[in-house]
Protein chains: 2
Amino acid sequence: MSDLLERLRGRGWRLTAQRRVVAEVLNGDHVHYTADEVHALATSRLPEISRATVYNTLGELVSLGEVIEVSTDGRAKRYDPNAHHDHHHLVCSRCGTIRDVHPAGNPLSDLPEQERFGFAVTAVEVTYRGVCPSCASA
Amino acid sequence: MSDLLERLRGRGWRLTAQRRVVAEVLNGDHVHYTADEVHALATSRLPEISRATVYNTLGELVSLGEVIEVSTDGRAKRYDPNAHHDHHHLVCSRCGTIRDVHPAGNPLSDLPEQERFGFAVTAVEVTYRGVCPSCASA
DNA sequence: GTCTTGACTTAGACAAAGTCCAATGTAGGA
DNA sequence: TCCTACATTGGACTTTGTCTAAGTCAAGAC
């Protein structure tokens, strides 16, 4: 993760305690926190961090391409630090749990030219939905 | 569209002026209105319809499987009446315009068993993103 | 080490999207 | 026509996110 901080500093990012804490909270695999969850976790390490700073920092990480914004349910957006490995998401329709998945094939090449309507298509997101094992057994 | 109203009545739906108006507003192809847009259009036909009723009715149409809820941007959800023809969405990253598209292949079968983590996977949504012709030329 | 400055952070007001509730109205069967 | 369970209403409330003005501070210059 200090990789990330190094990279950010290299891009002229001013390194503050608040930004470091947000980056640390997002460290790890299979992390998909909402902004509020990030704020709660950040607060436990740096009690005086404000909501606005969390939102600002998350927004910057997204525009720097270090974090991906995911909105699977039309409610709070979630932030996925796994930005450097192509993947898609599998979401539980009951509890909202998210898993990273790697489908075969390339959906981008599955969209024929005449179905692009002149758009310059640059990205594709695939969201699988279903019921997770623990919700199914409950 | 009276098909829809017939079908709903057959399911025991109580047919009110408000519900009829909401269903009429959603009539058509390539319709992807927000709840607010539906409310505005409904109001022009039935001025006293309330926001709560629009939300209730949209929610019911969704649970009846007559309308699909789409959230492409983490802002307002959009409602897509094209629920009986399998399709996916192409979204302009600048203006938010949505087009229905029909990619080749079946992304559901692209998710191998070991990538399902025990989930009972029932649905998949594919969202293509890019810049539409009119935003590109502007 | 200290100074300076522009970028960063803060608290709180504000906004957008959606939910909830108690009171009122009404569709459709008896 | 009447009844009643279901639908609608308006407004308060919640959640999620944005904005701003004032204060703070990281990091380069000296």
Side-chain angles (χ1 to χ4, degrees), chain A residues 2 5-25 32-43 45-64 66-80 96, chain B residues 2 5-25 32-43 45-64 66-80 96:
Chain A
S2 58
L5 295 178
E6 280 312 311
R7 238 179 304 154
L8 294 174
R9 197 188 330 232
R11 300 209 210 184
W13 227 46
R14 197 150 123 185
L15 192 46
T16 65
Q18 291 83 350
R19 288 175 170 184
R20 194 189 336 259
V21 165
V22 169
E24 282 168 7
V25 165
H32 302 95
Y33 292 134
T34 63
D36 243 31
E37 287 165 349
V38 172
H39 181 232
L41 291 164
T43 296
R45 301 184 189 210
L46 184 68
E48 64 280 16
I49 190 171
S50 81
R51 259 165 25 93
T53 296
V54 170
Y55 276 104
N56 288 342
T57 305
L58 289 173
E60 282 156 17
L61 289 170
V62 169
S63 27
L64 292 170
E66 296 292 346
V67 165
I68 293 170
E69 207 171 60
V70 183
S71 68
T72 53
D73 62 352
R75 302 185 52 86
K77 291 176 192 162
R78 292 179 173 274
Y79 294 88
D80 180 347
Chain B
S2 58
L5 295 179
E6 281 312 310
R7 240 180 304 154
L8 294 174
R9 196 181 336 226
R11 299 209 212 184
W13 226 46
R14 198 151 121 184
L15 191 48
T16 66
Q18 290 84 347
R19 288 175 169 185
R20 193 190 335 260
V21 165
V22 169
E24 282 168 8
V25 165
H32 302 95
Y33 293 135
T34 63
D36 245 31
E37 288 165 348
V38 172
H39 181 231
L41 291 164
T43 296
R45 301 185 189 208
L46 184 67
E48 63 281 15
I49 190 171
S50 81
R51 261 167 24 93
T53 296
V54 171
Y55 277 104
N56 287 343
T57 305
L58 289 173
E60 282 156 18
L61 289 170
V62 169
S63 28
L64 292 170
E66 297 291 345
V67 164
I68 293 170
E69 206 170 62
V70 183
S71 68
T72 53
D73 62 351
R75 302 185 55 84
K77 291 176 191 162
R78 293 179 172 271
Y79 293 89
D80 180 346

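The sequence lines fix the lettering, A, B, ..., with proteins before strands; numbering per chain opens at 1. In this text the structure is predicted, and so the values were computed from the model without any measurement.
- B:E69 places none of its side-chain heavy atoms less than 4.5 Å from the side chain of B:R78.
- Within the nucleic acid shown, A:R75 comes within 4.0 Å of sugar-phosphate atoms alone, with no base atom in reach, counting heavy atoms only.
- A:H39 contributes no side-chain N or O that, together with a main-chain N or O of A:A52, makes up a donor-acceptor pair within less than 3.5 Å.
- The span of DNA chain C lying next to chain B, judged by atoms under 4.0 Å from heavy atoms, is bounded 5' to 3' by C:dA16 to C:dG28.
- The residue among B:R78 and B:A17 whose nearest nucleotide of DNA chain C is located toward the 5' end is B:R78.
- In this structure, B:I68 CD1 and B:H32 NE2 are separated by 8.5 Å, a value rounded to the nearest 0.5 Å.
- Side-chain atoms of A:R11 come within 3.5 Å of backbone N or O of A:L64 as a donor-acceptor pair.
- Each of B:A52 and B:R19 has a nearest nucleotide on DNA chain D; the 5'-most of these lies closest to B:R19.
- Between the CD atom of B:Q18 and the P atom of D:dT8 there is a distance of 5 Å, rounded to whole Å.
- Once rounded to the nearest 0.5 Å, the distance linking OG1 of A:T16 with CG of A:L46 reads 8.5 Å.
- In this structure, A:L8 atom CG and D:dA26 atom C1' are separated by 15 Å, rounded to whole Å.
- An OP1 or OP2 oxygen of D:dT8 is reached within less than 4.0 angstrom by no side-chain nitrogen or oxygen of B:R51.
- Rounding to whole angstrom units, CG of residue A:N56 and P of D:dG17 are separated by 13 Å.
- Looking at A:T57, its side chain does come within 3.5 Å of a backbone N or O of A:T53 through a donor-acceptor pair.
- Residue B:Y55 contributes atom OH, which lies 15 Å from atom P of D:dT9 at whole-angstrom precision.
- Between the CZ atom of B:R14 and the P atom of D:dT4 there is a distance of 14 Å, rounded to whole Å.
- Rounded to whole angstrom, the span from the CG atom of B:D73 across to the P atom of D:dT16 amounts to 16 Å.
- Here the C1' atom of nucleotide D:dT8 and the CD atom of B:E60 are 11 Å apart, to the nearest Å.
- For B:T16 and D:dT8, the shortest distance from a side-chain N or O to OP1 or OP2 is below 4.0 Å.
- Using a 4.0 Å heavy-atom distance criterion, A:T53 is classed as a base contact.
- One can place CG of A:L15 at 11 Å from C1' of D:dA27, the figure rounded to the nearest angstrom.
- Here B:A76 lies in heavy-atom contact (under 4.0 Å) with sugar-phosphate atoms only.
- Nucleotides of DNA chain C nearest to A:T57 and B:A35 differ in position, and the one nearer the 5' end is that of A:T57.
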Next on the checklist: What verdict does the side-chain contact (heavy atoms from CB on, under 4.5 Å) test give for A:R20 and A:L5, after you've listed the backbone C-alpha separation in whole Å, the side-chain angles of each residue and the deciding distance to 0.1 Å?
Outcome noted: CA-CA 7 Å; A:R20 194 189 336 259; A:L5 295 178; 3.7 Å; yes

